[in-house]
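One structure, as structure tokens, below. Some questions next.
Quick caveat: nothing in here was measured; it's all calculated off a predicted structure. Naming: A, B, ... by sequence-line order, numbering from 1 per chain.
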Number of protein chains: 4
Amino acid sequence: MPKLGMEPIRRAALIDATIAEIGAAGTLDITVGQIARRAGVSSGLAHHYFGGKDDMLMAAMRHVMREYAREVRLGLAVAQTPRARLEAIVRGSFAASNFTPDTIGSWLNFYVLALSSGPARRLHRIYAKRLRSNLCHALRPLVGTRADNLGAQTAALIDGLYLHQGLSPTVPDGDTAIRQVMSHLDRELKG
Amino acid sequence: MPKLGMEPIRRAALIDATIAEIGAAGTLDITVGQIARRAGVSSGLAHHYFGGKDDMLMAAMRHVMREYAREVRLGLAVAQTPRARLEAIVRGSFAASNFTPDTIGSWLNFYVLALSSGPARRLHRIYAKRLRSNLCHALRPLVGTRADNLGAQTAALIDGLYLHQGLSPTVPDGDTAIRQVMSHLDRELKG
Amino acid sequence: MPKLGMEPIRRAALIDATIAEIGAAGTLDITVGQIARRAGVSSGLAHHYFGGKDDMLMAAMRHVMREYAREVRLGLAVAQTPRARLEAIVRGSFAASNFTPDTIGSWLNFYVLALSSGPARRLHRIYAKRLRSNLCHALRPLVGTRADNLGAQTAALIDGLYLHQGLSPTVPDGDTAIRQVMSHLDRELKG
Amino acid sequence: MPKLGMEPIRRAALIDATIAEIGAAGTLDITVGQIARRAGVSSGLAHHYFGGKDDMLMAAMRHVMREYAREVRLGLAVAQTPRARLEAIVRGSFAASNFTPDTIGSWLNFYVLALSSGPARRLHRIYAKRLRSNLCHALRPLVGTRADNLGAQTAALIDGLYLHQGLSPTVPDGDTAIRQVMSHLDRELKG
DNA sequence: AATGAATGAGTTTTCATTCAT
DNA sequence: GATGAATGAAAACTCATTCAT
């Protein structure tokens, strides 16, 4: 019998390598060979487990989204008040675990990929819908009917900060981003 | 007999074709042949005038940025109050002339290109700096030292709305975006 | 505890799977994986038993030829007259047991493989020589020196009918083929 | 202006090279690079003019069929009697211009390709139908209702002789093949 | 000025084959 | 005996770029 159960290990390694490679290159124009090399396997194996380059990209995008969702979920689980729920969502969005240069670079590339790829578009829609819904749900008790507007605005602000931090020459700083969104929200809630 | 003065005409046609092609494809992964065909010339001529594909992309990016800057400049020229200056900047950002699906698609692609291409990064920095500086300059008389923070926040919101509208399944709606930013600003100014 | 005597079983299963796969695909461009899957084993095992893909193909070709030869031999064993011997050869060539779509498809592919592969060519020569010799031997008492010519002609007719039936959109029909060859022979013998 | 009108020249050269390469290799498992090299161009150009390897193969098959049809047509044009028509068809089938080792090898490979490729199958059907129809048409005045049977038989014999000559170690000999078919026909007509 | 011809490097993908267990 | 893991060579195909005319 051969080494068994390598598949999940390899898949995980290849997904990590994909994100790292996109992050390092800043583009999706990377080769399967680069990814495979980074993961320490042959390019053939990458195809064996994923079928093709696009499937690998989509798997990486899904992974990034899942990690983000997990982070938010964990935060929401312990939040007791609407205000705390809001903060959990925002903190999750910029949590240190996902707010690394590589991950941000991948996010931004995946965003734009959604313009040309059906699967990426569907995945992005899920993310966008969930973020909006989470925000609105937390805002409703606080601002009533204005929740929809404010939720959309906040979602845009979050993505805009992602963009800015991703493109800024400085190292990404999640805490600053969190403060910016929360201070914006606090002002809106007070008003 | 060579037609004289074709250069600016060809260059403009090729730049327009580039933006249209990126917009249609949703990606920078378009071929020089596609661009040339859309512009009604041969691919050889495209190289003749631009040197290479990258130069064409950069020229298109520069064009998009220039159009945007022109729009803002025109608005600022007639603005009499700080509040009017703010509105001019925001209106310029979502002016109908530049807020078409093709242009938005190109913008987003150029944003992300700035992650991997030096020239694109430099161009993006110029845009980012100018937007920030315009906003802060207009905000200073209104909120004093808070102008920097609020400017950065507003810039992020603007880019975030670009992203959202670009990725939304609905047709882009500049007026809604303008209203969202202005209502945000008004709230912040009142507070 | 290793199962004993698996080798002949596995080999037979793999050979059958090879023929079925070639028949289904209509080409030798099938993968070892497909064959192995059809045989219900791993691709590694296929190599273990056969050494390589080419060896598997040759084993399949040999198998098909042997089955054909067996069929003819059985017919000849009970044939009492030269005419009966002739009919036995022809019947054997289109015997229901070998004249299935899969087998015909494999035959045709093996024929053409003989153009590029030494081993396949040698195998084909054996088949061709035996068919010719069988036919001539049976014809000699009937047509004397014309046996050689008529034998060659008949052999060509048999192979041509194989080709036609293999490529015809209708289901292969051995009886018709037998009748065609026999009526041809009868006419030649009468004349 | 560049060298104009190269397309038909290149296409012809590539088709010839394809047939020569298949003939030399005895298989369709040849690379586009081999074909291109033989034609004296780059592999990129081959793709440029044909779209892909399959299209090249089909173009070559079509070419071979056309040359054959032309040969038969020329013969039929001057044939005055049914017997002469028959001979024209047979002579055309084994005309020196098409009965070279390369062409025969290509024919046989294309025959078998018809088992797995839709386009090849359609092309082959055209050829088969035409040969049959030509033969039956010429036979009808001579043998009446038996024309269909005899036509099918003769077609099979012709293809069978192709196969035999293609696979024979000796150099192809059209004259012998012609004599074999004609003597067969003469016998059948007499009877 | 402008074109279409032509190249060739680079990428994805497939698959026979090997091997540790 | 048997497997699934893993490799890497080979091939199709794309496309930016160059060039003769």
With a 3.5 Å distance limit and no angle check, can you tell me whether D/Arg125 reaches the backbone of C/Leu167 through a side-chain donor-acceptor pair?
yes

Return the value, rounded to whole Å, for the distance between atom CZ of B/Arg11 and atom C1' of E/dA2.
16 Å

Grab the CZ-C1' distance between C/Arg37 and F/dG4 for me, whole Å please.
13 Å

In whole Å, I'd like the distance from the CG atom of D/Leu57 to the C1' atom of F/dA12.
12 Å

Measure the distance from CG on B/Leu28 to P on F/dC15 and round it to the nearest whole Å.
14 Å

Working to the nearest 0.5 Å, report the span between CE of C/Met58 and CG of C/Leu113.
6.5 Å

Which parts of nucleotides 6-13 of chain E does protein reach within less than 4.0 Å, heavy atoms only, written one letter per nucleotide 5' to 3' as B for base, S for sugar-phosphate only and - for none?
BBB--SSB

Over how many whole Å does the gap from B/Glu21 atom CD to F/dA16 atom C1' extend?
16 Å

Is there side-chain contact between A/Thr103 and A/Tyr68, with at least one heavy-atom pair below 4.5 Å?
no

Could you label the plane-to-plane angle of the C/His124 and C/Tyr111 rings as parallel, tilted or perpendicular, counting under 30° as parallel and over 60° as perpendicular?
perpendicular

Nearest whole Å is fine: how far is F/dT14 P from D/Asp55 CG?
10 Å

Could you check which nucleotide pairs with E/dA1 in any of the strands shown, counting Watson-Crick or G-U wobble with both distances under 3.5 Å?
none

Side chain C/Asp102, main chain C/Ile22, donor-acceptor under 3.5 Å:
no

Identified pairing partner of F/dA16, criterion: Watson-Crick or G-U wobble below 3.5 Å
E/dT7

Should B/Asp29 and A/Asp29 count as side-chain neighbours, where that means a heavy-atom distance under 4.5 Å?
yes

Between A/Arg66 and A/Arg70, does the side chain to side chain contact (heavy atoms under 4.5 Å, CB included) criterion hold? Intermediate values first, please.
CA-CA 6 Å; A/Arg66 264 211 206 101; A/Arg70 204 176 60 89; over 6 Å; no

In the structure shown, which nucleotide is the Watson-Crick or G-U wobble counterpart of F/dA2, with both distances under 3.5 Å?
E/dT21

Starting at atom CG of D/Leu4, determine the distance to atom P of E/dA2, rounded to an integer number of angstrom.
17 Å

What is the separation between atom CZ on D/Phe50 and atom C1' on F/dA12, rounded to the nearest whole Å?
16 Å

